[in-house]
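This chain uses plain numbering: 1 for the first residue, then up along the sequence.
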Amino acid sequence: MKKHSARVAPLSACNSPVLTLTKVEGDERSRESPAPAEAQMQAGAEGGGRVSRCCWKCSVTQLKKIFWGVAVVLGVCSSWSGSTQLAKLTFKKFDAPFTLTWFATNWNFLFFPLYYLGHVFKSAEKQSPKQRYRECCRFFGDNGLTLKVFFTKAAPFGVLWTLTNYLYLHAIKKINTTDVSVLFCCNKAFVFLLSWIVLRDRFMGVRIVAAIFAIAGIVMMTYADGFHSHSVIGIALVVGSASMSALYKVLFKLLLGSAKFGEAALFLSVLAVFNVLFVTCIPVILYFTKVEYWSSFDIIPWGNLCGFSILLLTFNILLNFGIAITYPTLISLGIVLSVPVNAVVDHYTSEIVFNSVRVIAIIIIGLGFLLLLLPEEWDVWVIKLLTRLKVRKKEEIPEGNGDIASGLPNKSRRTRPSMSSFAH
């Protein structure tokens, strides 16, 4: 017979010491070895520990996403409202909205270089700029970015981009920034209507209600100033800008589909190339025809122009690439939050009157925008939640009745020993 030394399990503050002996002989087993029930409890404890660790990791990941979401929301809100207010300030010295649009769009060329810098710092497999460019060019087709693709798939979006920004900036000249920012929120309702008609997206009643809210808000906003020609033109310009933005998004999904981060960055840089090559002539024509004229280049507020361009670039970066670190819904909330920010600034810097009609219009458009943020399966989730609540209520009532009914027999059983002992 061979002798084997005993193995002692490590001591812990929570468990008593257990001595486990290991022997070769089959019939001899340790009396202090764990029973099957104890083994199941240990396995359950290990499984519970794994689940708790997974839940901890999930909660940490969600907390990080929420934290970055708050940061992105603040960035979107500040950059969008800041660019709007800075544009209003710029027009007091430099009344040239199309030239400002052209100047700011040229900064889109920085999208792909900034993306490549992020790729170099974060990606494990480094690629040269040429390799990364060729890989991203596959987004335009098998042949890449050819001249035909440039004019058929990039040029139309360059025109829509310019029109969206120009109409928005031109509207800032006509009406206050609060009305401009809240009316531009209607573009999400226009996206839904166009997607439903063109892309045959799923019909959702709540989104139809949101679209009705948007249209009603536009009418009420027009009525708030008494249908003056100046305000009507400004409102029409903002609605046109929101429509161009919606058309841009729907056509992008129809013609190009979805894009990765590198492909989106390259596409936006291509729009800047189109702007330099084919839109530059328009500010020149406007200058010589004295539609947008300035006496000398010294009076141009270059600080305001560069500041507006940087804020707009920051807004577009957060809007297009913020989904990498947080939820898309949080990013959209930043646009809505820019409305009260602009309202506070307008209250102290302009003569805006927040009458009841204007306030109701702002609330209706904001509510419609929030309704459009609901996911497509929101009604299924609500039905499941209500069903679970009903099931819990039904389970609680029988359990409560059972406890009351079983209370008397239990009490009688407890009193029997005392009665028998008393008889003896």
Side-chain angles (χ1 to χ4, degrees), residues 76 79-80 83-84 87 97-98 100-109 111-112 139-140 145 149-172 180-181 183-201 207 210-211 214 218 236-261 263-279 282 309 312-323 328 331-332 334-336 338 369 372-373:
V76 170
S79 60
W80 185 237
S83 61
T84 303
F98 195 92
L100 182 60
T101 301
W102 171 84
F103 183 81
T105 305
N106 290 336
W107 287 62
N108 280 7
F109 186 80
F111 267 102
F112 190 74
F139 170 68
F140 295 100
L145 184 60
V149 170
F150 180 81
F151 282 106
T152 55
K153 292 186 177 181
F157 294 100
V159 174
L160 290 174
W161 180 283
T162 303
L163 286 174
T164 300
N165 288 278
Y166 169 69
L167 293 174
Y168 184 87
L169 292 176
H170 197 69
I172 293 175
V180 172
S181 57
L183 288 169
F184 190 78
C185 291
C186 296
N187 76 321
K188 209 163 185 66
F190 299 157
V191 169
F192 163 69
L193 293 174
L194 286 174
S195 300
W196 180 41
I197 297 170
V198 178
L199 302 178
R200 305 293 181 184
D201 279 2
R207 294 188 176 178
I218 293 170
L237 289 170
V238 186
V239 173
S241 175
S243 303
M244 293 297 106
S245 175
L247 186 60
Y248 175 97
K249 294 176 181 178
V250 173
L251 283 181
F252 188 92
K253 191 174 181 180
L254 179 65
L255 299 178
L256 300 172
S258 59
K260 299 177 182 177
F261 294 119
E263 296 167 349
L266 179 62
F267 182 80
L268 292 170
S269 295
V270 170
L271 294 185
V273 174
F274 170 82
N275 186 68
V276 172
L277 295 177
F278 298 99
V279 185
I282 298 178
S309 302
L312 194 61
L313 179 67
T314 305
F315 171 76
N316 286 313
I317 289 174
L318 293 174
L319 203 64
N320 287 280
F321 304 121
I323 56 173
I331 299 173
S332 299
I335 301 174
V336 182
S338 66
F369 188 92
L372 289 167
L373 296 181

Dump the intermediate steps for side-chain contact (heavy atoms from CB on, under 4.5 Å) on Lys153 and Leu256, then the final yes or no. CA-CA 8 Å; Lys153 292 186 177 181; Leu256 300 172; 3.6 Å; yes
Verdict with supporting geometry, Trp161 and Asn108, side-chain contact (heavy atoms from CB on, under 4.5 Å): CA-CA 11 Å; Trp161 180 283; Asn108 280 7; 3.1 Å; yes
Begin with the C-alpha distance, continue with both residues' side-chain angles, and end with the deciding distance and a verdict on side-chain contact (heavy atoms from CB on, under 4.5 Å) for Leu247 and Leu160. CA-CA 8 Å; Leu247 186 60; Leu160 290 174; 3.9 Å; yes
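Here the straight-line distance linking atom CZ of Phe103 with atom CG of Leu100 works out to 8.5 Å at 0.5 Å rounding. Between Lys260 atom NZ and Leu266 atom CG the span is 13.5 Å, to the nearest 0.5 Å. In this structure, the separation between CD1 on Ile172 and OG on Ser83 is 7.5 Å, given to the nearest 0.5 Å. The structure places NZ of Lys253 at 12.0 Å from CG of Leu194, a figure rounded to the nearest 0.5 Å. Separating the OG atom in Ser243 from the CG atom in Leu163 is a distance of 11.5 Å, to the nearest 0.5 Å. Distance check, rounded to the nearest 0.5 Å: CG of Leu312 to CZ of Phe315 gives 7.5 Å.
Taking the six-membered ring where tryptophan is involved, the planes of Phe184 and Trp80 are tilted, since the angle between them lies from 30° to 60°. Using cut-offs of 30° and 60° for the angle between ring planes, the Phe278 and Phe151 rings count as perpendicular.
Two residues are said to be in side-chain contact when any heavy atoms from C-beta on lie closer than 4.5 Å; Phe98 and Ile282 meet this criterion. You'll find the side chain of Leu268 reaches within 4.5 Å of the side chain of Asn320, heavy atoms only. For the pair Ile335 and Leu319, the minimum side-chain heavy-atom distance is below 4.5 Å. Between Val276 and Phe109 there is no side-chain heavy-atom pair separated by less than 4.5 Å.
Closest non-hydrogen pair, Leu271 versus Gly158, comes out as CD2-N, 3.5 Å. Taking each heavy atom of Ser245 and Asn187 in turn, the nearest pair found is OG-ND2, 3.3 Å. When all heavy atoms are compared, the tightest approach of Ala211 to Ala189 is CA-CB, 3.9 Å. Considering every non-hydrogen atom in both Phe111 and Asn316, the closest pair reads CZ-CB, 3.6 Å. The shortest heavy-atom contact between Glu263 and Ser258 is OE1-O, 4.4 Å. The shortest non-hydrogen separation linking Leu372 to Lys188 is CD1-C, 3.5 Å.
Between Thr84 and Tyr168, the side chains place a donor N or O and an acceptor N or O closer than 3.5 Å (distance only, hydrogens not considered).
The local environment of CZ in Phe321 is crowded, with over 12 non-hydrogen atoms from other residues, nucleotides or ligands closer than 6.0 Å. In this structure, Trp107 places its CH2 atom where more than 12 heavy-atom neighbours from other residues, nucleotides or ligands lie under 6.0 Å away.
A side-chain contact (heavy atoms from CB on, under 4.5 Å) with Leu318 is found for one member of Leu313, Ile331, Val76, Ile323 and no other, namely Val76. When each of Phe252, Phe112, Phe150 is checked for a ring pair (Phe, Tyr, Trp, His ring centres under 6.0 Å) with Phe267, only Phe252 meets the rule.
In terms of modelled atom types and a separation under 3.5 Å, the side chain of Asn275 and the main chain of Trp102 share a donor-acceptor contact. A donor-acceptor pair under 3.5 Å is absent between the side-chain atoms of Ser241 and the main chain of Leu237, judged by distance alone.
For Phe369, the ring-ring contact (aromatic ring centres under 6.0 Å, His included) test picks out no residue, with sequence neighbours left out.
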